[in-house]
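Remarks on the structure that follows.
Numbered from 1 within each chain, the chains take letters A, B, ... in sequence-line order.
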2 protein chains.
Amino acid sequence: MRASGSKAVTDLVQRLRTAGLRPTRQRVALGRLLFSSGDRHVTAESLHLEAAKAGAQLSLATVYNTLHQFTASGLLRQVVVDGAKTYFDTNTGDHHHFYAEDCATLIDIPGDAVVIDGLPKAPAGMEIERVEVVVRLKPRV
Amino acid sequence: MRASGSKAVTDLVQRLRTAGLRPTRQRVALGRLLFSSGDRHVTAESLHLEAAKAGAQLSLATVYNTLHQFTASGLLRQVVVDGAKTYFDTNTGDHHHFYAEDCATLIDIPGDAVVIDGLPKAPAGMEIERVEVVVRLKPRV
DNA sequence: TTCCCCGTTTAGAATCGTTCTAATATATTG
DNA sequence: CAATATATTAGAACGATTCTAAACGGGGAA
Ligand SMILES: [Mn+2]
Ligand SMILES: [Mn+2]
Ligand SMILES: [Zn+2]
Ligand SMILES: [Zn+2]
């Protein structure tokens, strides 16, 4: 136990620096919440609340700024499954999602498990950026 | 040419009645725009604008009400591809979409062309409501 | 046909997630 | 430590959507 900064925090600071982002108190706090445990799906509001509970003091605007900066740096990706709010995903690899509307929950589906066949080629002048599968779930009757 | 109502309009009025919706001037006007030509993807705003251009007088609130009522009746479905606005689709059958973000345009991909393999089974207590594939397009470099 | 009821429409206000503004604070470098 | 560029923030603004409550009108009954 060192007085300040675990290995994980040092690594995170390095990741932020590499991404051209100053490792501010707020970014480090959010980065720890996002990247310390396994893959996560958060909204700005859920992450802001979680940060507040963890004792971090930061504004919602900063959470939005940070989520977008992390996304632009490739540390996060956005997932569109619901018109009402934007989800951010710490798993930036190729994968898909279950989405349970009734509890607004995302669950990863590993990308290598899924095979999609028969997609038409992209229209002229366009190219495929990404193929996303969303499996909508409802409670079993 | 009869004084009022083509076959298409008569059919539409019947469809609305069957759905438990009174065939009001506004609903018939929107229904004609939506269902007279082939499959379409609209937003509330785009449909409102189109109705205005066609000489219909109706409020944006009515467009929202009508789109939701048509959706609840199974005449339309919603497509979530963009956090910013909600798309409504006159094709309620099983199919998927290309989405060109740069021009906010949806293009249908027939459902029977696409085969998706290797999806995990739904989590306990949940069942699959629908599988949606969105192919995001970007302009070719 | 006229009357009446209740579903429908509507303007405008409210809501909600998100973005913007511009003043303040802080990380970094010399 | 000073200088500078970046980052944070409160609160306003925004855009899509929903809500409210008053006016309207479809359509069955008489
Ligand atoms: Mn919104
Ligand atoms: Mn919205
Ligand atoms: Zn994910
Ligand atoms: Zn479609």
Query raised in the report: Within the structure, does a side-chain N or O atom of A:T86 lie under 4.0 Å from either OP1 or OP2 of C:dT18?
Result: yes
Requested in this report: Considering just the side-chain nitrogens and oxygens of A:T24, establish if one lies under 4.0 Å of OP1 or OP2 belonging to D:dT8.
Outcome: yes
Query raised in the report: Considering only heavy atoms from C-beta outward, does the side chain of B:L106 approach that of B:D89 to under 4.5 Å?
Result: no
Query raised in the report: Where the side chain of B:R22 is concerned, which of D:dT8, C:dT8, C:dT28 is the nearest nucleotide?
Result: C:dT8
Query raised in the report: For A:H68 and C:dT19, is the shortest distance between a side-chain N/O and OP1 or OP2 below 4.0 Å?
Result: yes
Query raised in the report: Quick one: B:K85 NZ to C:dT18 P, roughly how many Å, whole number?
Result: 16 Å
Query - Integer-rounded Å distance: D:dC14 P and A:L60 CG - result: 19 Å
Query raised in the report: What integer distance in Å separates B:Q57:CD from D:dC24:P?
Result: 15 Å
**Report entry** Polar contact flag, side-chain donor to acceptor under 3.5 angstrom, A:D108-A:H41
**Finding:** yes
Report task. From the options C:dT18, C:dG17, C:dT9, select the nucleotide whose nearest atom is closest to the side chain of A:E45. Result -> C:dG17
**Report entry** Rounded interatomic separation in angstrom, taking CG from B:L21 and C1' from C:dG7
**Finding:** 11 Å
Query raised in the report: Does B:Q26 have a side-chain nitrogen or oxygen under 4.0 Å from the phosphate oxygens OP1 or OP2 of D:dC24?
Result: no
**Report entry** A:A44, nearest nucleotide to its side chain (from C:dT18, D:dG27, C:dA27)
**Finding:** C:dT18
Query - Below 4.0 Å: OP1/OP2 of C:dT10 and any side-chain N or O of B:S59 - result: yes
**Report entry** Whether over 12 other heavy atoms sit under 6.0 Å from B:R32 CZ
**Finding:** no
Report summary line: Here the distance between atom C1' of C:dG7 and atom CG of B:L16, to the nearest Å, is 14 Å
Report task. Indicate, with yes or no, if the rings of B:H68 and B:F88 have centres closer together than 6.0 Å. Result -> yes
Query raised in the report: Does OP1 or OP2 of D:dG27 have a side-chain N or O of B:R17 closer than 4.0 Å?
Result: yes
Requested in this report: Find which nucleotide of DNA chain C each of B:G20 and A:A61 is nearest to by heavy atoms, and output the residue with the more 5' nucleotide.
Outcome: B:G20
Query raised in the report: Of all the choices, C:dG17, D:dT9, D:dG25, which nucleotide is nearest to the side chain of A:Y64 once you look at every atom?
Result: C:dG17
Query raised in the report: Are B:H95 and B:D39 close enough that a side-chain donor and a side-chain acceptor fall under 3.5 Å?
Result: no
**Report entry** Nucleotide D:dA7, atom C1' - distance to CZ of A:R25 in whole Å
**Finding:** 11 Å
Requested in this report: Taking only Lys NZ, Arg NE, NH1 and NH2, and the carboxylate oxygens of Asp or Glu, determine whether A:D11 and A:R15 approach each other closer than 4.0 Å.
Outcome: no
**Report entry** Per A:R27 side chain, nearest of listed nucleotides D:dT9, D:dA7, C:dT9
**Finding:** D:dA7
Query raised in the report: When the distance from CG of B:L67 to P of D:dT17 is rounded to whole Å, what number comes out?
Result: 10 Å
Query raised in the report: How close or far is atom P of D:dA16 from atom NE2 of B:H48, stated in whole angstroms?
Result: 13 Å
Query - side-chain N/O B:T43 vs D:dA16 OP1/OP2, d < 4.0 Å - result: no
